[in-house]
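What follows is a single structure, written as structure tokens, with notes after it.
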Amino acid sequence: MIYAAITAALAAGDRIRHVFGTELAATEHSAHDIKLVADQECQKLIFDLLLQMHPDSACIGEEGDIGKPGAPVEWIVDPIDGTMNLAHSIPHFCVSIAARDAATQKILLGVIYDPMRNELFTAERGSGAWLNGAPIRVSKRDTLGDAVVAVGFAKSKESIDHCMKLYQVYGHQAKKLRAMGSAALDLAYVAAGRLDAYIEQGVNLWDIAAGWVLVEEAGGVMETEQKVQGKFRVCAHSGRIDYPLK
Ligand code: IPD
Ligand code: CA
């Protein structure tokens, strides 16, 4: 199955790389968010490829769901994570694809592809985490004062207010704070030991599903809690540092 996820992620990433830096049409503007035609086009491309290779599966995505009800495997897809960055020609975004066992709801594998750096992060449950075929592990740093922490800005007033409190805490206590604009890449970077932690409240399953298995397979910890309207609070880290406010 990971072959299908990789094929689809590379194909969508290729398409995004080709339109990067051009004027991109939006389908929706709202407070703190934008949706692009490219989001829908890439999701269709990904779903078509996944269903061609695994016709018995179902697809859940940021731009809507399709597939067989009762299918044993569900794909969880964010066609472009970091859409705001792409819309502003900031080269930091990715394609995120996970597969979940429908019966147990366990995430089986995750693939995150950064088309601008040609970095492909992959993990299958029980088989480790990889970046372009080389194994990755979470950071070994063990004090908050040495840690680089990414705090994601979600979209609702409640989550932005919470984020401001996190900024107060981690701005002072961590080595450095980052807000990079792609939850999936933040998780991939925690898995690769680049970031020590990623914290956000108000993310969706498709933002974090692939990164979830990457972080765990790289030896890290995913603390998650599902809040109102299915949104998640997440703190992903190496397991070596206690993060006071999440
Ligand atoms: C968003 C990004 C962002 C995070 C938001 C997400 P999108 O996803 O991952 O970093 O802070 O919570 O919704 O809209 O670019 O797919
Ligand atoms: Ca997303």
Side-chain angles (χ1 to χ4, degrees), residues 9 12-13 15-16 19-20 24 26-47 59-65 75-98 107 110-116 121 149-167 170 177-191 194-195 197-212 214-215 222 224-236 246:
R15 178 170 294 194
I16 304 164
V19 297
F20 176 74
L24 294 170
T27 54
E28 204 182 305
H29 280 280
S30 54
H32 317 300
D33 202 15
I34 189 169
K35 287 204 177 292
L36 301 175
V37 173
D39 287 304
Q40 291 175 350
E41 288 176 352
C42 284
Q43 180 162 304
K44 182 173 181 329
L45 174 68
I46 293 167
F47 280 9
C59 297
I60 298 166
E62 179 153 18
E63 313 308 320
D65 307 337
W75 298 101
I76 303 166
V77 174
D78 194 345
I80 305 172
D81 186 58
T83 298
M84 192 64 82
N85 282 346
L86 174 62
H88 285 250
S89 297
I90 298 169
H92 188 81
F93 45 80
C94 65
V95 181
S96 174
I97 302 177
I107 300 168
V111 168
I112 292 177
Y113 180 51
D114 172 348
M116 303 310 290
F121 299 87
V149 177
V151 175
F153 255 101
K155 296 162 188 174
S156 69
K157 181 180 181 314
E158 188 211 357
S159 62
I160 291 171
D161 285 345
H162 181 71
C163 184
M164 296 304 184
K165 292 183 196 141
L166 295 173
Y167 267 59
Y170 292 105
L177 191 57
R178 291 284 179 259
M180 300 173 76
S182 165
L185 276 183
D186 285 344
L187 289 167
Y189 282 20
V190 170
R194 294 174 176 175
L195 290 171
Y198 154 67
I199 305 173
E200 184 162 355
Q201 175 180 299
V203 284
N204 292 292
L205 182 60
W206 48 75
D207 298 313
I208 59 169
W212 194 322
L214 266 158
V215 168
M222 280 290 283
T224 58
E225 190 190 342
Q226 209 164 354
K227 310 273 280 188
V228 273
Q229 292 173 330
K231 302 270 185 191
F232 287 80
R233 178 194 66 76
V234 183
C235 178
K246 296 152 194 161

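Both counts, for ligands and for their atoms, begin at 1 and track the order of listing.
- Checking T83 against D39 by side-chain atom types alone, a donor-acceptor pair falls below 3.5 Å.
- For A9, the side-chain contact (heavy atoms from CB on, under 4.5 Å) partners are V95, I97, V111, Y113, not counting sequence neighbours.
- Salt-bridge check for E63 with K44: failed, with every basic side-chain N at 4.0 Å or more from each acidic carboxylate O.
- Distances under 3.0 Å from the Ca ion (ligand 2) pick out the protein N/O/S atoms D78 OD2, D81 OD1, D207 OD1.
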May I have a table of the N/O to N/O pairs between ligand 1 and the protein that fall below 3.5 Å, each row giving the two atom names and the distance to 0.1 Å?
from     : atom 1 : to   : atom 2 : distance (Å)
ligand 1 : 8 (O)  : D81  : OD1    : 3.0
ligand 1 : 9 (O)  : D81  : OD1    : 2.8
ligand 1 : 9 (O)  : D81  : OD2    : 3.2
ligand 1 : 9 (O)  : A183 : N      : 2.9
ligand 1 : 10 (O) : G181 : O      : 3.1
ligand 1 : 10 (O) : S182 : N      : 3.1
ligand 1 : 10 (O) : A183 : N      : 3.3
ligand 1 : 11 (O) : F153 : O      : 2.9
ligand 1 : 11 (O) : E200 : OE1    : 3.1
ligand 1 : 11 (O) : E200 : OE2    : 2.7
ligand 1 : 12 (O) : E200 : OE2    : 2.6
ligand 1 : 13 (O) : K155 : NZ     : 3.1
ligand 1 : 14 (O) : K155 : NZ     : 2.7
ligand 1 : 15 (O) : G82  : N      : 2.6
ligand 1 : 15 (O) : T83  : N      : 2.8
ligand 1 : 16 (O) : E62  : OE1    : 2.9
ligand 1 : 16 (O) : D78  : OD2    : 3.4
ligand 1 : 16 (O) : I80  : O      : 3.2
ligand 1 : 16 (O) : D81  : OD1    : 3.4

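- Remark: the backbone N or O of W206 is not paired with any side-chain donor or acceptor of N204 at under 3.5 angstrom.
- The side chain to side chain donor-acceptor pair (under 3.5 Å) check on D78 picks up nothing, with sequence neighbours excluded.
- Side-chain contact check for I208 versus F232: some heavy-atom pair is nearer than 4.5 Å.
- By the 30° and 60° cut-offs, the orientation of the rings of H92 relative to Y189 is perpendicular.
- Scanning both residues, P79 and I46, for their nearest heavy atoms gives CA-CD1, 3.8 Å.
- Formation of a donor-acceptor pair under 3.5 Å by the S96 side chain with backbone atoms of D207 is not found in this model.
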